[in-house]
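What you see below is based on every heavy atom in this structure, not just the backbone, and it leaves out hydrogens, waters and symmetry mates. Atoms within a ligand are numbered from 1 in the order they appear, just like the ligands themselves.
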Amino acid sequence: MTLLQWKPEYSVGVDSIDHEHREMIDLINDIYKRLESDTNEEQIEACLGDIFSTISMHFALEEKVMRNSNYAEYQAHKEDHENLLDQIRDLMDDYDVDSSAGAARLEQGLSSWFAGHFSTFDARLHGELAH
Ligand SMILES: [Fe+2]
Ligand SMILES: [Fe+2]
């Protein structure tokens, strides 16, 4: 089962950013499948590590762009990024205990974060920068 589907309303209107967002969704879907199918622990750990670094890099880039342009919503946007990174860290911490709990955590927390963040914070940011 696929956890997250790309939706047209996620598009921020900048192709390179949309491309990175789609990659993030693909990574999350991949780990979700692995958690559901009980893939071995090392593979899961490697995937979580990849997800964390890919997403961190994307966030660092957006935050740099915001700082450089004195973007008014910087603080709130950054806090929402930190919220997702915290959720991924929590997942990394407790998936060892129970991998189905890890899948449930992805379903509950991360899917709503993706739906929310792209179409609000990122849409406003990239919409403004595009002008
Ligand atoms: Fe963002
Ligand atoms: Fe983004």
Work out which heavy atom in [X] is nearest to a heavy atom in [Y]; give both atom names and the distance.
X: Y71; Y: R124; result: OH-C, 3.5 Å
X: Y74; Y: E63; result: CE1-O, 3.6 Å
X: Q5; Y: Y10; result: O-CE1, 3.4 Å

Provide the atom name of the closest N, O or S atom of H77 relative to the Fe ion (ligand 1).
NE2
To the nearest 0.5 angstrom, please state how far the CD1 atom of I31 sits from the CD1 atom of I51.
4.5 Å
Regarding H58 and H81, is there a side-chain donor-to-acceptor distance under 3.5 Å anywhere?
no
How about the Fe ion (ligand 2), which protein N, O or S atoms come within less than 2.8 Å?
H21 NE2, H58 NE2, E62 OE2, D122 OD2
Judged by atom type as modelled, is there a donor-acceptor pair below 3.5 Å linking the side chain of W6 to the main-chain atoms of S11?
no
